[in-house]
Amino acid sequence: MVDLGRVHVESFLEMMSAERGAAANTLQSYERDLDDVRTFLKERSIRLTEAASADLAAYLSSLARKGFKPSSQARRLAAMRQFYKFLYAEGLRTDDPTGILDAPKKGRPLPKTMGVEEVGRLLSQAEAEAEDASPGQLQRLRMLALLELLYATGMRVSELVSLPARVLDQEGRFLMIRGKGNNERLVPLSQSAISALKSYGRLLAAENAAAKEPQESPWLFPSASKEGYLPRQVFARDLKNLAIRAGLTPSLISPHVMRHAFASHLLANGADLRVVQELLGHSDISTTQIYTHVLEERLQQLVQTHHPLAKQAKKHE
């Protein structure tokens, strides 16, 4: 019997072009992917239009064995899903064999982070500049306060720049942050963050009082922006400039990288993953688990340092 697989692929491509307006490169990609599936099945004497779920799963497994990345495997699966849905819609099949196939799991990239020494250099640079009493000191004190708050709490940059001015009236070592979904969480502040915040607040109040037209703002970091507070893009730009002055690589530093540093450094020094989840404001711990590589390293060090058999092995080396 003639294999009509190629004919049906062409019909599928025509449908994608005419009805869905698929671009030429998308159609070419579908065609290449489906031809590859058809070749694989043909070698096993299986027609493309008659393939079962197990046959298509075997094809995906073959891609994995050949070293195809999960993203490439996922693209092939997407092409197959579109094709078999077309066959089902056209009445050429009574089922969709891709329905039970799982997409290959993509390895989650580890977040960029900074070492403790790099964070220290950045904070030291900001502190040294903030002590300069020449014009523009308020902006330098603002940068120091922003950095100290960010590293002390691991806040999202959007949460940081939109902090209310009433933060300056708070006493104590805790800060209430309103995060995603208006969820509030309580985070502790370091002594250096409290000190930087007070210094910034005092000069902000002094400059505002001395102004001809004092501007009362509800924001901790007021700005002439549409929102009324410091745009996060401006903070990110200023942070990179500070990194350059501190002798660091600016492309590797951002407010989000500082948030990752906060979490990584806590875990490396013994913090519980659930505690870090709460501090970061993650609703699901699976989001926080991107930092488990830090835990794994710490656990290995603990075992090597404290396990009696590991100690004995070191003695015999």
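One-based numbering along the sequence shown.
Taking a 6.0 Å sphere around CD of E117, one finds it holds 12 or fewer heavy atoms contributed by other residues, nucleotides or ligands.
Note that CD of E31 is 11.0 Å distant from CZ of F12, once rounded to the nearest 0.5 Å. Between the CD atom of E118 and the CD1 atom of I253 there is a distance of 6.0 Å, given to the nearest 0.5 Å. In this structure, CG in L147 is found 5.0 Å from CE in M258, a value given to the nearest 0.5 Å. Annotation: the span from T26 atom OG1 to R20 atom CZ amounts to 12.0 Å, rounded to 0.5 Å. Rounded to the nearest 0.5 angstrom, R142 CZ and L204 CG are separated by 10.0 Å. Atom OG1 of T98 is separated from atom OH of Y88 by 12.0 Å, given to the nearest 0.5 angstrom.
The pair R245-E129 meets the salt-bridge criterion, since a charged nitrogen lies less than 4.0 angstrom from a carboxylate oxygen. Under 4.0 Å is where a charged nitrogen must lie from a carboxylate oxygen, and between D96 and R81 no such pair does. By the 4.0 Å N-to-carboxylate-O rule, E159 lies close enough to R185 to be salt-bridged with it. Salt bridge status for D272 with R274: absent, with no side-chain N to carboxylate O gap under 4.0 Å.
Put simply, L144 and V167 are part of two different groups of oily side chains (I, L, V, M, F, W, Y) that touch within less than 4.5 Å, one to the next. Placement of M114 and L160 within a single hydrophobic cluster is found when ILVMFWY residues are connected by side-chain heavy-atom separations under 4.5 Å, directly or transitively. Transitive grouping of hydrophobic side chains (ILVMFWY, heavy atoms separated by less than 4.5 Å) keeps L252 and L248 in distinct clusters. Hydrophobic clustering, with ILVMFWY side chains joined whenever heavy atoms are under 4.5 angstrom apart, groups L13 together with L92. Residue V116 is not grouped with residue L242 when hydrophobic side chains (ILVMFWY) are merged at heavy-atom distances under 4.5 angstrom, including chains of intermediate members.
Side-chain contact check for D36 versus L63: some heavy-atom pair is nearer than 4.5 Å. Using a 4.5 Å heavy-atom threshold, the side chains of L27 and M16 count as touching. Between V234 and R237, some side-chain heavy-atom pair lies under the 4.5 Å cut-off. Contact annotation: the side chain of Y59 approaches that of R76 to within less than 4.5 Å [non-hydrogen atoms, C-beta and beyond]. Side-chain contact check for L186 versus E278: every heavy-atom pair is 4.5 Å or farther apart. Side-chain contact between W219 and E227 is absent, with no heavy-atom pair separated by less than 4.5 Å. In this structure, the side chains of F262 and L150 stay at 4.5 Å or more apart for every pair of heavy atoms. For the pair T153/L279, no side-chain contact is recorded, criterion being any heavy-atom separation below 4.5 Å from C-beta on.
In this structure, the side chain of R121 engages the main chain of A246 through a donor-acceptor pair within 3.5 Å. No donor-acceptor pair closer than 3.5 Å links the side chain of S72 to the backbone N or O of F68. Proximity of a side-chain donor or acceptor of S53 to a complementary backbone N or O of P97 within less than 3.5 Å is detected. One N or O on the side chain of R140 and one on the backbone of P135 form a donor-acceptor pair closer than 3.5 Å. Side chain of S29 to backbone of N25: no donor-acceptor contact under 3.5 angstrom is found.
A cation-pi contact, defined as under 6.0 Å to the ring centre and within 45° of the axis, links R44 to F40.
Tested against L48 for a side-chain contact (heavy atoms from CB on, under 4.5 Å), the candidates R6, H8, R38, M80 yield a single pass: R38.
L239 and S254 get closest at one heavy-atom pair: CD2-C, 3.5 Å. Contact between Y84 and A51 at its shortest, heavy atoms only, is OH-CB, 3.6 Å. Across every non-hydrogen atom of Q82 and Y30, the tightest pair is CG-OH, 3.5 Å. In this structure, L220 and L168 approach most closely via the heavy-atom pair CD1-CG, 3.5 Å. Here the shortest heavy-atom pairing between S199 and L141 reads O-CD1, 3.9 Å. The shortest heavy-atom contact between H265 and V119 is CE1-CG2, 3.9 Å.
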Can you list the steps and then say if S162 with R156 is a side-chain hydrogen bond (donor to acceptor under 3.5 Å, both in side chains)? CA-CA 10 Å; S162 62; R156 299 177 180 90; over 6 Å; no
Could you go step by step and tell me if L197 and E148 meet the side chain to side chain contact (heavy atoms under 4.5 Å, CB included) rule? CA-CA 8 Å; L197 195 56; E148 288 284 5; over 6 Å; no
Output, in order, the C-alpha distance, side-chain angles, deciding distance and verdict of side chain to side chain contact (heavy atoms under 4.5 Å, CB included) for V9 and F83. CA-CA 7 Å; V9 168; F83 177 67; 4.0 Å; yes
Could you walk me through whether F235 and V157 satisfy the side chain to side chain contact (heavy atoms under 4.5 Å, CB included) test, starting with their C-alpha distance in whole Å, then the side-chain angles of each, then the deciding distance to 0.1 Å, before giving a yes or no? CA-CA 9 Å; F235 173 43; V157 64; 3.7 Å; yes
Candidate pair R173 and Q191, rule side chain to side chain contact (heavy atoms under 4.5 Å, CB included), full reasoning: CA-CA 8 Å; R173 295 191 58 183; Q191 287 290 355; 4.0 Å; yes
Can Y229 and F221 be said to form a ring-ring contact (aromatic ring centres under 6.0 Å, His included), step by step? CA-CA 6 Å; Y229 52 76; F221 302 111; 9.7 Å; no
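There is no side-chain donor-acceptor pair under 3.5 Å between T249 and S251.
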